[in-house]
Amino acid sequence: MPELPELEVIRRQIEPLMVGRTVSRVGTTAESNFFLTKPAVLKRHLSGRRVRALERVGKYLVASLDDGSRLLLHLGMTGQLFGAGVDSPRLSSPVARARSAVRTEKQKFKPDLHTHLRLSFRDGGQELFLRDVRRFGRVQVLKPGESCARLDRLGVDALVATGAHLFAMARKRRIAIKSLLLDQSVVAGIGNIYADEALFLAGIRPSRTACRLTGRQCIELMEAARRVMLRSIETGGSSIRDYLQPNGSDGGYQNERLVYARAGRPCVRCESPIVRTVIGQRPAHYCPKCQPAK
DNA sequence: CGTTACACCTGAGGGC
DNA sequence: TGCCCTCAGGTGTAAC
């Protein structure tokens with residue numbers, strides 16, 4: 001679900017709830033693949049720990065703790081982080097949200113069976129909830145100095161990566177350019193929405209073979225990706241299915257998206273119907289005119 | 001080694 | 001109403 005912009009919005013909102021605070025209680029659901037560190041170990045390890053910093057690395061959130069260990073969070077497809085103080089976070093589909101929107105009275109977040117992690121803090125800090133319906137997300141504790149293949153494997157952060165870097169990586173690869181953008185070891189943070197949006201802005205068809213792009217195109221593509229993601233962060237991210245900000249409100253970027261999940265609707269530039277295909281087992285959307293095959 | 005297929009999960013929405 | 005099917009902001013791994 002969440003990509004770099006959503007993770008960055010989440011990080012900014014969650015940071016003041018975590019940093020400088022000491023964990024008093026840890027609640028979890030039962031052992032599952034969601035917990036790379038078993039719930040019992042997690043509880044023992046986190047209790048009493050003070051959070052020093054909360055950083056984003058690609059699509060991961062990394063909390064540094066006062067004993068030098070780190071708490072790793074990944075939200076997979078449907079992960080959500082909420083602060084306890086939020087009013088009425090609407091947790092289901094847009095349709096269900098619309099239905100429940102008529103309910104006007106405010107409610108505090110209520111943990112349900114999908115709320116897999118619950119952190120309480122001392123000194124009256126707000127509680128923190130991690131909810132993930134599909135459990136594609138992951139939680140892990142790294143001991144002081146412990147390395148982690150998942151993190152080590154990540155490429156340059158997508159907000160920092162240059163077109164020259166993308167070009168250098170693209171030259172060696174025969175996969176579709178869209179698949180290359182989604183490869184977290186090349187550039188970290190881009191997901192399915194922003195890959196499609198960036199390719200549209202750069203006028204490049206997602207199916208084009210990566211190594212056949214010019215240096216100029218790689219520069220334009222990387223710049224488009226950065227522009228789109230920075231704008232999305234400004235608007236609070238894309239709320240299309242499950243994503244909500246930690247404060248419970250929708251993001252705004254879903255209203256600015258130009259191709260993602262707009263199949264059949266007119267291109268904003270040329271009116272041609274947007275096409276949906278599948279590339280690398282993921283849905284891909286593009287304008288057949290503005291993003292030429294060759 | 002690069003590329004591709006599939007597995008991991010659940011709930012919403014559409015067709016019959 | 002209910003069943004069955006398809007679909008989804010991700011990623012690790014097995015198999016070619």
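The figures that follow rest on heavy atoms only: side chains count, while hydrogens, waters and symmetry mates do not. Chain A is the first sequence line, chain B the second, and so forth, proteins listed ahead of strands; every chain is numbered from 1.
- On the P atoms, dC9(B) is 16 Å away from dA14(C), given to the nearest whole Å.
- When the C1' atom is used for both dG9(C) and dT3(B), the distance is 23 Å, rounded to whole Å.
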All N/O contacts under 3.5 Å from nucleotides 4-8 of chain B to the protein, with atom names and distances to one decimal?
| residue | atom | partner | partner atom | Å |
| --- | --- | --- | --- | --- |
| dA5(B) | OP2 | Q281(A) | OE1 | 2.7 |
| dA5(B) | N7 | Q281(A) | NE2 | 3.2 |
| dC8(B) | O3' | N33(A) | ND2 | 3.4 |

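- Distance alone, capped at 3.5 Å, is enough to place a donor-acceptor pair between the T162(A) side chain and the H165(A) backbone.
- Ring geometry for H74(A) versus Y60(A): interplanar angle over 60°, hence perpendicular rather than tilted (30 to 60°).
- An anti base is found at dG12(C): its glycosidic angle is more than 90° from 0.
- Between F82(A) and F129(A), the distance from one ring center to the other does not fall under 6.0 angstrom.
- At a threshold of 4.0 Å, the pair R118(A)-E127(A) counts as salt-bridged, since one of the basic side-chain nitrogens sits closer than that to a carboxylate oxygen.
- In this structure, CZ on R21(A) lies 8.0 Å from CD on Q126(A), to the nearest 0.5 angstrom.
- An OP1 or OP2 oxygen of dG9(C) is reached within less than 4.0 angstrom by a side-chain nitrogen or oxygen of Y260(A).
- Taking atom P on both nucleotides, dT6(C) is separated from dC6(B) by 14 Å, rounded to a whole Å.
- R174(A) places no side-chain N or O within donor-acceptor distance of the main-chain N or O of R171(A), the cut-off being under 3.5 Å.
- As a whole-Å value, the separation of D183(A) CG from dC1(B) P is 14 Å.
- The NZ atom of K172(A) sits 12 Å away from the C1' atom of dG2(B) (whole-angstrom rounding).
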Given pairs defined as Watson-Crick or G-U wobble with both distances under 3.5 Å, what dot-bracket annotation applies to DNA chain B, with ( ) intrastrand, [ ] crossing, | other strand and . unpaired?
.|||||||.|||||||
Walk along nucleotides 11-16 of chain C from 5' to 3' and tag each nucleotide B, S or - by protein heavy-atom contact under 4.0 Å, base first, then sugar-phosphate.
BS----
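- Under 4.0 angstrom from either OP1 or OP2 of dG11(B) there lies at least one side-chain N or O belonging to H114(A).
- The CG atom of D132(A) sits 13 Å away from the C1' atom of dG11(B) (whole-angstrom rounding).
- Relative ring orientation between Y260(A) and H285(A) is described as perpendicular, the plane-to-plane angle rising above 60° on a 0-90° scale split at 30° and 60°.
- R131(A) places its CZ atom 11 Å from the C1' atom of dT10(B), with the value rounded to the nearest Å.
- One atom, CG of D242(A), and another, P of dC7(C), lie 17 Å apart when rounded to the nearest Å.
- A salt bridge is absent between R257(A) and D196(A): the closest approach of a Lys/Arg side-chain nitrogen to an acidic carboxylate oxygen does not fall below 4.0 angstrom.
- Here the C1' atom of nucleotide dC1(B) and the CE atom of M169(A) are 13 Å apart, to the nearest Å.
- Between H116(A) and F34(A), the ring planes are tilted. Angles from 30° to 60° get that label.
- For the pair Q254(A) CD and dA8(C) P, the interatomic distance rounds to 18 Å; values are reported in whole Å.
- Across all strands, R276(A) comes closer than 4.0 Å only to sugar-phosphate atoms, never to a base (heavy-atom distances).
- Closest to the R173(A) side chain, of the nucleotides dT3(B), dT10(B), dG9(C), is dT3(B).
- The distance between atom CZ of R241(A) and atom C1' of dA12(B), rounded to the nearest whole Å, is 9 Å.
- Rounding to the nearest 0.5 Å gives a distance of 10.0 Å between CG of D112(A) and NZ of K110(A).
- With respect to the salt-bridge test (charged N to carboxylate O, under 4.0 angstrom), the residues E234(A) and R231(A) qualify.
- Listed for the E6(A) side chain is no donor-acceptor partner under 3.5 Å among the backbone atoms of Y243(A).
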